[in-house]
Amino acid sequence: MSKEIALINFNEDQIALIKAQIAPKATDNELQLFLYQARRTGLDPLTRQIYAIHRNCKETEYGKEVWKQKMTIQTSIDGFRVIAERSGDYAGQDEPIFDESDGLKSCKITVYRFRGDVRYPAAVGIAYFKEYVQD
(Lines give C-alpha, C1' and ligand atoms only; values in the text may rest on other atoms or scores of the structure.)
Protein backbone atom coordinates (compact mmCIF):
# COMPACT_ATOMS: atom_id res chain seq x y z
CA MET A 1 0.00 0.00 0.00
CA SER A 2 2.48 2.64 -1.07
CA LYS A 3 1.53 6.25 -0.70
CA GLU A 4 1.58 8.66 -3.62
CA ILE A 5 4.58 10.95 -3.92
CA ALA A 6 3.57 14.59 -3.62
CA LEU A 7 5.43 16.51 -6.30
CA ILE A 8 7.17 19.55 -4.94
CA ASN A 9 7.11 22.82 -6.84
CA PHE A 10 9.44 25.61 -5.79
CA ASN A 11 8.74 29.29 -6.24
CA GLU A 12 11.51 31.76 -7.14
CA ASP A 13 12.12 32.76 -3.51
CA GLN A 14 12.47 29.12 -2.46
CA ILE A 15 14.89 28.40 -5.32
CA ALA A 16 16.98 31.42 -4.30
CA LEU A 17 16.98 30.19 -0.68
CA ILE A 18 17.99 26.66 -1.76
CA LYS A 19 20.80 28.12 -3.90
CA ALA A 20 22.03 30.30 -1.02
CA GLN A 21 21.66 27.89 1.91
CA ILE A 22 21.32 24.29 0.71
CA ALA A 23 23.40 24.26 -2.49
CA PRO A 24 25.69 27.31 -2.35
CA LYS A 25 28.45 25.71 -4.45
CA ALA A 26 26.10 24.40 -7.15
CA THR A 27 26.46 25.64 -10.70
CA ASP A 28 23.23 26.52 -12.51
CA ASN A 29 23.18 23.06 -14.14
CA GLU A 30 23.88 21.31 -10.84
CA LEU A 31 21.11 23.31 -9.16
CA GLN A 32 18.66 22.31 -11.90
CA LEU A 33 19.64 18.64 -11.48
CA PHE A 34 19.24 18.91 -7.71
CA LEU A 35 15.80 20.55 -8.00
CA TYR A 36 14.74 17.93 -10.55
CA GLN A 37 15.73 15.13 -8.16
CA ALA A 38 13.90 16.82 -5.27
CA ARG A 39 10.75 17.18 -7.37
CA ARG A 40 10.99 13.63 -8.74
CA THR A 41 11.42 12.03 -5.33
CA GLY A 42 9.12 14.40 -3.43
CA LEU A 43 11.92 15.12 -0.94
CA ASP A 44 12.13 18.64 0.43
CA PRO A 45 15.57 20.28 0.60
CA LEU A 46 14.18 23.06 2.80
CA THR A 47 13.41 20.52 5.53
CA ARG A 48 16.79 18.83 5.01
CA GLN A 49 15.44 15.63 3.49
CA ILE A 50 17.86 15.87 0.55
CA TYR A 51 21.23 17.59 0.19
CA ALA A 52 23.53 18.87 -2.55
CA ILE A 53 26.97 17.92 -1.27
CA HIS A 54 30.21 18.88 -2.98
CA ARG A 55 33.03 16.41 -2.40
CA ASN A 56 36.65 16.38 -3.42
CA CYS A 57 37.26 13.79 -6.13
CA LYS A 58 40.48 12.81 -7.88
CA GLU A 59 40.52 13.10 -11.65
CA THR A 60 43.23 12.67 -14.21
CA GLU A 61 43.91 15.67 -16.43
CA TYR A 62 46.72 15.63 -18.95
CA GLY A 63 48.26 12.63 -17.18
CA LYS A 64 48.19 14.25 -13.72
CA GLU A 65 45.91 13.56 -10.80
CA VAL A 66 44.01 16.65 -9.68
CA TRP A 67 41.35 17.23 -7.04
CA LYS A 68 38.03 18.65 -8.20
CA GLN A 69 34.75 19.39 -6.45
CA LYS A 70 31.83 17.27 -7.68
CA MET A 71 28.26 17.61 -6.53
CA THR A 72 26.48 14.53 -5.26
CA ILE A 73 22.85 14.35 -4.26
CA GLN A 74 22.47 12.76 -0.86
CA THR A 75 19.31 11.70 0.94
CA SER A 76 19.27 12.40 4.68
CA ILE A 77 18.05 9.94 7.28
CA ASP A 78 14.85 11.99 7.49
CA GLY A 79 14.46 11.66 3.72
CA PHE A 80 14.88 7.90 3.94
CA ARG A 81 12.27 7.80 6.70
CA VAL A 82 9.84 9.71 4.48
CA ILE A 83 10.43 7.22 1.67
CA ALA A 84 9.98 4.29 4.08
CA GLU A 85 6.82 5.81 5.55
CA ARG A 86 5.34 6.16 2.07
CA SER A 87 5.62 2.38 1.64
CA GLY A 88 3.07 1.85 4.41
CA ASP A 89 5.23 -0.96 5.84
CA TYR A 90 7.73 1.05 7.90
CA ALA A 91 7.54 0.14 11.59
CA GLY A 92 10.33 2.26 13.04
CA GLN A 93 13.87 1.46 14.07
CA ASP A 94 16.04 0.85 17.11
CA GLU A 95 18.37 3.43 18.57
CA PRO A 96 21.77 3.39 16.85
CA ILE A 97 24.45 1.26 18.49
CA PHE A 98 27.90 2.81 18.16
CA ASP A 99 31.17 0.87 18.41
CA GLU A 100 33.47 3.50 19.88
CA SER A 101 36.17 1.19 21.15
CA ASP A 102 39.43 2.90 20.24
CA GLY A 103 37.62 5.74 18.43
CA LEU A 104 34.48 5.59 16.30
CA LYS A 105 34.50 2.35 14.31
CA SER A 106 30.91 1.66 13.28
CA CYS A 107 27.23 2.26 13.82
CA LYS A 108 24.57 -0.45 13.69
CA ILE A 109 20.83 0.03 13.32
CA THR A 110 17.86 -2.32 12.97
CA VAL A 111 14.89 -1.26 10.84
CA TYR A 112 11.45 -2.85 11.29
CA ARG A 113 8.56 -3.50 8.92
CA PHE A 114 4.99 -4.57 9.33
CA ARG A 115 3.67 -7.79 7.83
CA GLY A 116 -0.02 -7.40 8.48
CA ASP A 117 -0.16 -6.48 12.18
CA VAL A 118 3.17 -8.14 12.99
CA ARG A 119 6.27 -5.97 13.47
CA TYR A 120 9.51 -7.71 12.56
CA PRO A 121 13.20 -6.76 12.07
CA ALA A 122 13.50 -6.39 8.31
CA ALA A 123 17.10 -5.25 8.03
CA VAL A 124 20.20 -4.57 10.05
CA GLY A 125 22.63 -2.05 8.66
CA ILE A 126 26.19 -1.42 9.78
CA ALA A 127 28.11 1.62 8.63
CA TYR A 128 31.86 1.41 9.13
CA PHE A 129 33.61 4.73 9.68
CA LYS A 130 36.61 3.74 7.54
CA GLU A 131 34.28 3.19 4.56
CA TYR A 132 32.82 6.69 4.78
CA VAL A 133 35.67 8.90 5.94
CA GLN A 134 37.22 10.85 3.10
CA ASP A 135 41.01 10.60 2.80
Walk me through it: do Ile50 and Phe34 pass the test side-chain contact (heavy atoms from CB on, under 4.5 Å)? CA-CA 9 Å; Ile50 189 170; Phe34 178 67; 3.9 Å; yes

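Under the salt bridge (charged side-chain N to carboxylate O under 4.0 Å, His left out) criterion, Arg119 pairs with no residue, sequence neighbours left out. Residues meeting the side chain to side chain donor-acceptor pair (under 3.5 Å) test with Tyr90, sequence neighbours left out: Gln93. With sequence neighbours left out, the salt bridge (charged side-chain N to carboxylate O under 4.0 Å, His left out) criterion links Asp78 to Arg81. Every residue meeting the side chain to side chain donor-acceptor pair (under 3.5 Å) condition with Asn56, not counting sequence neighbours, appears here in chain and number order: Gln69. With sequence neighbours excluded, no residue forms a side chain to side chain contact (heavy atoms under 4.5 Å, CB included) with Glu12. Shown here are the side chain to side chain contact (heavy atoms under 4.5 Å, CB included) partners of Ala122, two or more places apart in sequence or in another chain: Arg113, Tyr120. Every residue meeting the side chain to side chain contact (heavy atoms under 4.5 Å, CB included) condition with Phe129, not counting sequence neighbours, appears here in chain and number order: Leu104, Val133. Here Cys107 pairs with Pro96, Phe98 under the side chain to side chain contact (heavy atoms under 4.5 Å, CB included) rule; sequence neighbours left out.
Atom CE in Met71 sits 4.5 Å away from atom CG in Leu33 (nearest 0.5 Å). In this structure, Leu17 CG and Phe10 CZ are separated by 10.5 Å, a value rounded to the nearest 0.5 Å.
A pairwise comparison of heavy atoms in Ala84 and Ser87 identifies O-OG, 2.6 Å as the closest pair.
Screening residues 16-28 for salt bridge (charged side-chain N to carboxylate O under 4.0 Å, His left out), with sequence neighbours left out, gives no hits. Pairs of residues two or more places apart, or lying in two chains, that qualify as salt bridge (charged side-chain N to carboxylate O under 4.0 Å, His left out) and include a residue from residues 48-58 are Lys58-Glu65. Pairs of residues two or more places apart, or lying in two chains, never qualify as side chain to side chain donor-acceptor pair (under 3.5 Å) while including a residue from residues 121-133. For residues 102-111, the set of pairs meeting the side chain to side chain donor-acceptor pair (under 3.5 Å) definition, not counting sequence neighbours, is empty.
Screening Val82, Ile73, Ile8 for a side chain to side chain contact (heavy atoms under 4.5 Å, CB included) with Leu43, the sole residue that qualifies is Val82.
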